[in-house]
Number of protein chains: 2
Amino acid sequence: MPNIREVAEYAGVSVATVSRTLQQPERVSPKTRSRVMEAVQATGYKPNLMAVKFRSGKTHNLVVLVPTVANVFFARVISGMQEAAAEQGYALLLANTMGDSRVEEDYAKMVQTSQADGLIQLRAFNPFDDAMANAQGLLPMVNACEVLDAVPCPTVTLDNRAAARAMTEHLLSLGHTRIAMIKGPQASPLTRERLAGYRDALTSAGICYDDALLFPGDFTLSAGYQAAGSILKSRERSTAVFCENDETAMGAMQHFKQAGLRVPEDISVAGFDDIAFAAYCDPPLTTIAQPAEEFGRTAVSQLLDVLSGRTRRAPKIIIPFDLVVRQSTGPAPDTTHSSHIKEVAS
Amino acid sequence: MPNIREVAEYAGVSVATVSRTLQQPERVSPKTRSRVMEAVQATGYKPNLMAVKFRSGKTHNLVVLVPTVANVFFARVISGMQEAAAEQGYALLLANTMGDSRVEEDYAKMVQTSQADGLIQLRAFNPFDDAMANAQGLLPMVNACEVLDAVPCPTVTLDNRAAARAMTEHLLSLGHTRIAMIKGPQASPLTRERLAGYRDALTSAGICYDDALLFPGDFTLSAGYQAAGSILKSRERSTAVFCENDETAMGAMQHFKQAGLRVPEDISVAGFDDIAFAAYCDPPLTTIAQPAEEFGRTAVSQLLDVLSGRTRRAPKIIIPFDLVVRQSTGPAPDTTHSSHIKEVAS
DNA sequence: GTGAAAGCGCTAACAA
DNA sequence: TTGTTAGCGCTTTCAC
């Protein structure tokens, strides 16, 4: 790899002139300029951007901590980030943390060791150690999707509480009164928010909230499948299940159908996220649509604002949602719910 | 951010001693060592890895070109890469190219501009320009998933032809003779390979290959849905559809079911990839399982071998596959295929 | 065992 | 308009 000195020698000018020609061509005479450009061509010179970054102290890299890229929703968020970052000349360093806080801290260190300028977090967790935490001002980070109250940084989030409430109200309006909920990971504030929205709706409708209707999950298909098994076994079965994400809902729906239940005639199922598969399952899934790509784009632009010093306070950006009603939710069956498995009537 | 000089001053030693203490502690006296460590603690020193990388000329970054991270299969491959890379102290620079060759070239430039040491490509396309192409020896790149014959670099791939043949033979063994195929993106060699495997199986079975049974697709749910529409409209309907990936199969299945066909009684549907959703659709999808994470891990280790000079030839690594038979494929119906829409009999 | 100093490739004062 | 030079933070000879 030729360096700037070789180009300078080839063109018979100084390295400064080569640098100037490349950075501010107008400050170089046309004659020299063309001579330099020729030398660049001839030598096949490519500036060593590592050196540029080192010198400028700006890496133009952003670390992104993702619990798992295999989650379809996150994949869309990442797409949006990628797009926005590329537009501004930033590259993404993707960290698939698998929920391992060691991995998160390792990647967070890339910011402290000048390998990245900032960090975007898709999970509620402060990956920086105390040294950073005590620093004054905003951390060079943005929290997306999840809410993270304790850390002074911008947050890009959905009004999860309102969205969960809207979905629950949709189910209530269909006549459901025993609505089960399959939750997301325990540790996630997002899970708590959605649960709160669910309770809000029940309370407003004068329906007593029942802990027995809550089932654990972790956002995977298999967790949904498993939770559905528990729901089927419960003494007084629910007529509707609200799942905290679409994968969970698809897993649950699968189990219900295998058990001979019809969706939505016997049991309604609702999801959250509106991943591409939601429109293509059988029946198509009622869910909450989130503009995932916009999440990503907004997170990046917020982070760049922090990095440039444009942002001094930590804004909370609320991304809008949509209730998408498809065919997986329907009127509550008017039978009593004594039998465990209903007969399929055609 | 304190630098090494400040630490040296604080500890009352030279910068060389600080560097040595951190790199090769055994070459420093215990007394000095503890004094330096103390200074590191006190100042909160974190080495500027950008400077280290600049100096060493090794970035420990790998660029990954992905057509789209929103593809579930690629997401799994990336997980595997991430894991293997992290183990070796490498970070991934993820480029979501969306098939745009401009984006691919931009990211490929990161290798040429010393921002990354190497590149992994998940698409059959040489992102390097001629300057690189003419260089002697192997390019610092690995091709994964797709086959890319023209470029001297290691390839990690599935025997797509054999896998497609295995699936087609499975369908033939069920008595299907009119097997439609929904293809992947035209430009992809992988698509050609799978098509070839399909033809191989037909030829061996003495069945005449028919162009009219081939339908275009692009690996998305909606393409599968659309292609299924064309299949339904075709004069002499097929009894089985082999889709080049699972999303396509799920989209197609959705359309068939909406049209009142039963899968697999009226029409069998097969996919490729075995994404998580394949086991949770209705009916569960017969497909080809690929060890996606292993793909990623292997690609990374191959690339590191190239970078370290351990590899001088360009090996072709073949990853094994599995035919996973679930419920979306069944015996061919023995009726004539004259009616367009069958009645659903229960 | 420790320190002084060169230098990785580049940019930006400052001088000419 | 162009050249000279210092220096970004670090590692690594080479002396001492």
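Labels below follow one simple rule: chain letters A, B, ... track the order of the sequence lines, proteins then strands, and each chain is numbered from 1.
B:I4 has its CD1 atom 8 Å from the C1' atom of D:dG9, to the nearest Å. A straight line from CD of B:E9 to P of D:dG9 spans 12 Å, rounded to a whole angstrom. Atoms CZ (B:R5) and P (D:dC8) sit 6 Å apart, rounded to a whole Å. As rounded to whole Å, 10 Å separates atom P of D:dG9 from atom OH of B:Y45. Taking atom NZ of residue B:K46 and atom P of nucleotide D:dC10, one finds them 13 Å apart after rounding to whole Å. Straight-line distance from the CZ atom of A:R33 to the P atom of D:dT2: 10 Å, rounded to whole Å. We find that NZ of B:K53 is positioned 18 Å from P of C:dC10, with the value rounded to whole Å. Rounded to an integer number of Å, the gap from NZ of A:K58 to P of C:dT11 is 17 Å.
A:R55 contributes no side-chain N or O that forms a donor-acceptor pair with the base of D:dG9 under 3.5 Å.
Regarding contacts with the backbone of C:dG9, a side-chain N or O of A:N3 is found under 4.0 angstrom from either OP1 or OP2. For A:T17, no side-chain nitrogen or oxygen approaches OP1 or OP2 of D:dT1 to under 4.0 Å.
Under the 3.5 Å distance criterion, with hydrogens and angles disregarded, a donor-acceptor pair is assigned to the side chains of A:T59 and A:D117. Checking B:Q23 against B:R20 by side-chain atom types alone, no donor-acceptor pair falls below 3.5 Å.
Between A:E87 and A:R297 there is no salt bridge, since no side-chain N of the basic residue sits under 4.0 Å from a carboxylate O of the acidic one.
Nearest to the side chain of A:S29, among D:dG9, D:dG3, D:dT1, sits D:dT1. Among the nucleotides D:dT11, D:dT12, C:dT2, the one closest to any side-chain atom of B:Q24 is D:dT12. Taking the side chain of B:N48 as heavy atoms from C-beta on, and the options D:dG9, C:dC10, D:dT11, the nearest nucleotide is D:dG9. The listed nucleotides are C:dA4, D:dT11, D:dG9; the one nearest the side chain of B:S14 is C:dA4. Comparing C:dG3, D:dT11, C:dT2 by their nearest atom to the side chain of B:V13 picks out C:dG3.
Nearest-nucleotide assignment on DNA chain D puts the 5′-proximal partner with B:L49, out of B:R20 and B:L49. The 5' end of DNA chain C is approached more closely, in terms of each residue's nearest nucleotide, by B:R27 than by the other of B:F54 and B:R27.
For residues 62-90 of chain A, the ring-ring contact (aromatic ring centres under 6.0 Å, His included) pairs, not counting sequence neighbours, are A:H60-A:Y90.
Contact annotation for B:S19: base contact, defined as any heavy-atom pair under 4.0 Å involving a base atom.
A distance of 9.5 Å separates CE of B:M81 from CZ of B:F295, quoted to the nearest 0.5 Å.
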